[in-house]
Amino acid sequence: MRVVDLRSDTVTMPTPQMREAIYHAAVGDDVYGEDPTINELEELGARLTGKEASLFVTSGTMGNQLAVLSHTQRGDEVICETESHIFYYEAAGIAVLSGVQARTLTGDRGILSAEQIASVIRTEDIHQPPTTMLCLENTHNRAGGTCYPLSTLASIYELSKKNNIHVHMDGARVFNAAVKQNVSIDKISCYSDSVTFCLSKGLCAPVGSLVAGSKKFIEKCRRQRKLLGGGMRQAGFLAAAGIVALNSMVEQLYIDHENARLLADGLANMAIAFDADTVETNIVIIDTLPLGQTAAQLSHKLAEKGIKVSQFGEHKIRMVTHYGITADDVNYTINELSSIVKG
Ligand code: TLP
């Protein structure tokens, strides 16, 4: 049976060029700083984000958690969005590992404003935890791949600096934002003190993320990474795929966006109260309620046709376009969905 896997862009497979690079990679013991391929990847990550340094980590989750560990002290308060990955999907890591409290704000389709943030910054008072960190997710996953406008990032950063708040960007999909906004990622990451981005989502590398920031911040992250057991040895094999990801996979992300748009237009044409304009990058979220179905029912019917989607709540499903999905796969999905909708 034909399989169209729209669950996530994490299901992407390493490309032939990556497999070749993995095979030929020069490696060494990275805990001694002796893996040339990891060193090359980390230099590339720093250069692309316009930061002093970057660190190769096992996952986006580890990158985010290292950022919180390195920017905060126990008892601090961290502002984040209600549906952000760092709050919603990281197993309460910021509370467990860093001992900080989350102050959540609900953004407009995931996007926070400077005014909202200003309204919750704590004042100097022994009753209150100090606000020391802000996390922004760009693109925002659960909000459907939405991007922060650069002007919003600029005003948030200015506000944060005035209040001595460290800004971290969970840029797991920041390259999708950069492609959508037609800028290089340093034009986005300049509005945060640190940024995490994933190599293993739309960019197709098998494993790994980078966290970037100042040299001092990355030194702290390196120590915390060791604490978490994330100091890897000859992991240059993984970094080799990451270098290919950064050098040759970014340009193709626009195709994923075009396919998401094709899917969105198809859904809008089915008259299921879907606004195609809400789709900005490679994530499409649909409300199953107008179809008289739960997310579980609809995803089960789609699975019978070989179409895999993620359930994102009782009445929400998420579909993500990526390197393994063609326009033909999208048309197949639209046709099958249309038949299900017509009953
Ligand atoms: N997101 C995954 C799931 O965990 C939901 C997905 O399929 O989208 N930040 C953001 C914005 C993410 O979407 C993810 C992964 C992460 C961080 C964590 O990355 P990993 O999976 O590498 O730990």
Side-chain angles (χ1 to χ4, degrees), residues 8-64 66-67 138-139 169-179 183-190 192 194-215 217-219 221-222 225 230-256 282 322-324:
S8 182
D9 43 11
T10 59
V11 303
T12 45
M13 292 294 166
T15 63
Q17 200 191 344
M18 286 179 186
R19 291 167 193 264
E20 193 68 23
I22 290 168
Y23 185 77
H24 293 289
V27 295
D29 189 329
D30 183 50
V31 176
Y32 290 105
E34 289 174 4
D35 190 302
T37 312
I38 292 183
N39 293 342
E40 184 185 335
L41 174 66
E42 291 180 344
E43 277 159 32
L44 180 58
R47 200 162 62 243
L48 291 174
T49 53
K51 302 291 182 205
E52 285 175 1
S54 86
L55 184 71
F56 185 48
V57 294
T58 57
S59 63
T61 302
M62 184 183 272
N64 286 339
L66 291 180
N138 193 20
T139 67
M169 185 176 290
D170 175 355
R173 297 187 178 83
V174 71
F175 283 102
N176 293 85
V179 166
V183 293
S184 51
I185 63 160
D186 58 313
K187 300 287 180 296
I188 298 176
S189 53
C190 63
S192 64
S194 56
V195 56
T196 302
F197 58 91
C198 295
L199 304 165
S200 61
K201 295 193 166 59
L203 301 183
C204 299
V207 180
S209 293
L210 286 166
V211 55
S214 69
K215 272 193 182 134
F217 166 81
I218 291 300
E219 265 167 38
C221 287
R222 196 178 287 281
R225 185 186 68 172
M232 296 182 284
R233 304 293 178 174
Q234 289 75 23
F237 291 119
L238 303 175
I243 292 170
V244 175
L246 291 176
N247 285 336
S248 63
M249 299 305 288
V250 175
E251 302 89 75
Q252 58 78 39
L253 289 175
Y254 82 94
I255 298 170
D256 302 344
N282 68 329
H322 53 78
Y323 193 63

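As the structure is a prediction and not an experimental result, all values here were calculated from the model. The basis for the numbers below is simple: all heavy atoms, side chains too, and nothing from hydrogens, waters or symmetry mates.
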Using the side-chain contact (heavy atoms from CB on, under 4.5 Å) rule, take I255 and Y323 through it: C-alpha gap first, then chi angles, then the decisive distance, then the call. CA-CA 8 Å; I255 298 170; Y323 193 63; over 6 Å; no
Which atoms form the tightest heavy-atom contact between [X] and [Y], and what is the distance?
| X | Y | result |
| --- | --- | --- |
| R19 | P14 | NE-O, 3.3 Å |
| A21 | V244 | CB-CG2, 3.7 Å |
| S54 | A212 | CB-CB, 3.8 Å |
| N138 | A177 | OD1-CB, 3.8 Å |
| E42 | R222 | OE1-NH2, 3.5 Å |
| H322 | S8 | CD2-O, 3.3 Å |

*How far apart are the C-alpha atoms of T196 and M169, what are their side-chain angles, what is the distance that settles it, and do they pass the side-chain contact (heavy atoms from CB on, under 4.5 Å) test?*
CA-CA 6 Å; T196 302; M169 185 176 290; over 6 Å; no
[atom1]-[atom2] distance between [X] and [Y], expressed to the nearest 0.5 angstrom:
| X | Y | atom1 | atom2 | value |
| --- | --- | --- | --- | --- |
| E34 | N39 | CD | CG | 9.5 Å |
| D35 | F56 | CG | CZ | 9.0 Å |
| M18 | M13 | CE | CE | 12.5 Å |
| F197 | L203 | CZ | CG | 8.5 Å |
| L210 | L44 | CG | CG | 8.0 Å |
| D170 | N64 | CG | CG | 4.0 Å |

Less than 4.0 Å between a side-chain N and a carboxylate O, is that true for D256 and K201?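 A salt bridge is absent here (no side-chain N lies under 4.0 Å from a carboxylate O).
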For [X] and [Y], indicate whether the former's side chain and the latter's backbone hold a donor-acceptor pair under 3.5 Å.
| X | Y | answer |
| --- | --- | --- |
| T37 | A26 | yes |
| K51 | S189 | yes |
| Q252 | M249 | yes |
| N176 | L253 | no |
| T49 | A46 | yes |

**OP:** Could you check I38, L41, L199 and say which one makes a side chain to side chain contact (heavy atoms under 4.5 Å, CB included) with I243?
**Re:**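 Exactly one option meets the side chain to side chain contact (heavy atoms under 4.5 Å, CB included) with I243, and it is L41.
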If we only count heavy atoms from C-beta on, is the M232 to T58 side-chain gap below 4.5 Å?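 Result yes, sub-4.5 Å side-chain heavy-atom pair found.
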